[in-house]
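See below for the structure under consideration.
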Amino acid sequence: MDKNSWNKLLEPDSVTVAPTLLGCYLVRQLNGQRVVGKIVETEAYHQRDAASHSYRGQTPRNSVMFGPPGFAYVYFTYGMHYCMNVVTGQPGEGSAVLIRALEPLEGLELMQENRGGKSESELTNGPAKLCQALGVDKRLNGHDLSAPSLQLVLGSPLPTSRIVQTTRIGIRHDTDKPWRFYIKDNPFVSKLS
DNA sequence: CCGGTGATGCCCT
DNA sequence: GGGCATCACCGGT
């Protein structure tokens with residue numbers, strides 16, 4: 001995928017981009033092995049959104065969110081977990097899409113090792129779980145997602161009929177905004193609803 | 001299966 | 001010092 005079509009895909013606002021990332025792939029090179037998952041659940045965050053890290057403006061922690069699209073915003077939370085976003089929108093906007101769940105496709109053994117021997121269904125069905133499975137931590141904050149060590153790869157677009165749109169999970173503010181998207185009936189979505 | 005809760009570090013006020 | 005875009009474990013059903 002060339003850089004121009006890449007930017008085309010990610011430059012709209014995060015609410016538009018979030019459902020289009022469903023069915024795309026995250027490809028990770030880890031210890032010489034390929035680890036691949038299909039994105040099955042996303043959430044959009046942006047600057048006029050009280051639940052977003054970017055809501056109160058740019059800080060050292062969230063600065064990657066305000067940069068160009070196509071980079072990884074990886075943050076640390078609850079003293080022990082990492083979560084990853086795909087930055088969207090124009091530079092200066094402060095918007096991103098949180099990757100909440102993957103369907104494991106390749107490198108399941110390594111994912112299982114990284115996840116302390118959990119069963120297949122528990123490897124990547126949550127935003128911090130998938131980061132642990134893929135070995136994603138703060139070193140990948142600001143990483144260019146067209147570069148091989150962690151790559152976002154376009155998939156076939158999903159028909160609207162296979163996408164479910166609901167409110168977001170695990171937030172205190174703007175809980176009524178329908179900015180969570182997941183693939184209907186996919187068993188690797190983080191929480192049933 | 002379900003809800004409650006403790007773990008644990010860092011950023012921002 | 002508060003609060004967190006979470007998870008795993010525990011006990012009761």
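Labels below follow one simple rule: chain letters A, B, ... track the order of the sequence lines, proteins then strands, and each chain is numbered from 1.
The structure places CD of Gln151(A) at 10.0 Å from CG of Leu26(A), a figure rounded to the nearest 0.5 Å.
Spacing between atom CD1 of Ile99(A) and atom P of dA5(C) amounts to 17 Å, rounded to whole angstrom units. Taking atom CZ of residue Phe76(A) and atom C1' of nucleotide dC4(C), one finds them 11 Å apart after rounding to whole Å. Residue Leu130(A) contributes atom CG, which lies 13 Å from atom C1' of dC7(C) at whole-angstrom precision. Protein atom CG of Asn62(A) is 17 Å distant from nucleotide atom P of dC10(B), rounded to whole Å. Summarising the geometry, the separation between NE2 on His53(A) and P on dG3(C) is reported as 15 Å, rounded to the nearest angstrom. A straight line from NZ of Lys118(A) to C1' of dT6(C) spans 13 Å, rounded to a whole angstrom. The distance between atom OH of Tyr75(A) and atom C1' of dG3(C), rounded to the nearest whole Å, is 14 Å. In this structure, Tyr55(A) places its OH atom 13 Å from P of dT13(B), rounding to the nearest Å.
For the OP1/OP2 pair of dT6(C) and a distance below 4.0 Å, the side-chain nitrogens and oxygens of Arg100(A) include at least one atom meeting the criterion. Phosphate proximity of dA8(C) to Lys129(A): present, with a side-chain N or O under 4.0 Å from OP1 or OP2. Remark: Arg172(A) is in phosphate contact with dC4(C), judged by side-chain N or O atoms under 4.0 Å from OP1 or OP2. Between Arg115(A) and the phosphate of dA8(C), there is a side-chain N or O to OP1/OP2 separation shorter than 4.0 Å.
In terms of hydrophobic clustering, with Ile, Leu, Val, Met, Phe, Trp and Tyr side chains grouped at heavy-atom distances under 4.5 Å, Val15(A) and Leu158(A) are assigned to a common cluster.
Note: Tyr73(A) and Phe71(A) fail the aromatic proximity criterion, with ring centroids not under 6.0 Å apart.
The shortest heavy-atom contact between Arg61(A) and Tyr75(A) is NH2-CD1, 3.7 Å.
Using a 4.0 Å heavy-atom distance criterion, Met84(A) is classed as making no nucleic acid contact. Contact annotation for Ile171(A): backbone-only contact, meaning every heavy-atom pair under 4.0 Å involves sugar-phosphate atoms and none involves a base. Note on Ala51(A): a base of the nucleic acid sits closer than 4.0 angstrom, heavy atoms only. Arg168(A) comes within 4.0 angstrom of no nucleic acid atom, judged by non-hydrogen atoms across all strands.
Side chain of Asn125(A) to main chain of Phe188(A): no donor-acceptor pair is present (N/O by atom type, distance under 3.5 Å, no hydrogens or angles).
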Exercise for review: Would you write the dot-bracket representation of DNA chain B, where each base gets (, ), [, ], | or . depending on whether it forms a Watson-Crick or G-U pair under 3.5 Å and with which partner?
Suggested key: |||||||.||||.
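Side-chain atoms of Glu122(A) lie closest to dA8(C) of the nucleotides dA8(C), dC4(C), dA5(C).
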Practice item. Indicate for each nucleotide in nucleotides 2-8 of chain B, in 5' to 3' sequence, whether protein heavy atoms under 4.0 Å reach the base (B), only the sugar-phosphate (S), or nothing (-). Key: -----BB
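By the ring-ring contact (aromatic ring centres under 6.0 Å, His included) test, His46(A) is found to be paired with Trp179(A), residues two or more places apart in sequence or in another chain being considered.
Side-chain contact between Asn114(A) and Leu30(A) is present, with heavy atoms from C-beta onward closer than 4.5 Å. Between Leu140(A) and Lys138(A), every side-chain heavy-atom pair lies at or beyond the 4.5 Å cut-off.
Paired with Leu10(A) under the rule side chain to side chain contact (heavy atoms under 4.5 Å, CB included), one option of Val87(A), Leu21(A), Val97(A) passes, and it is Leu21(A).
For the residue pair Gln29(A) and Ser149(A), no side-chain donor N or O sits within less than 3.5 Å of a side-chain acceptor on the partner.
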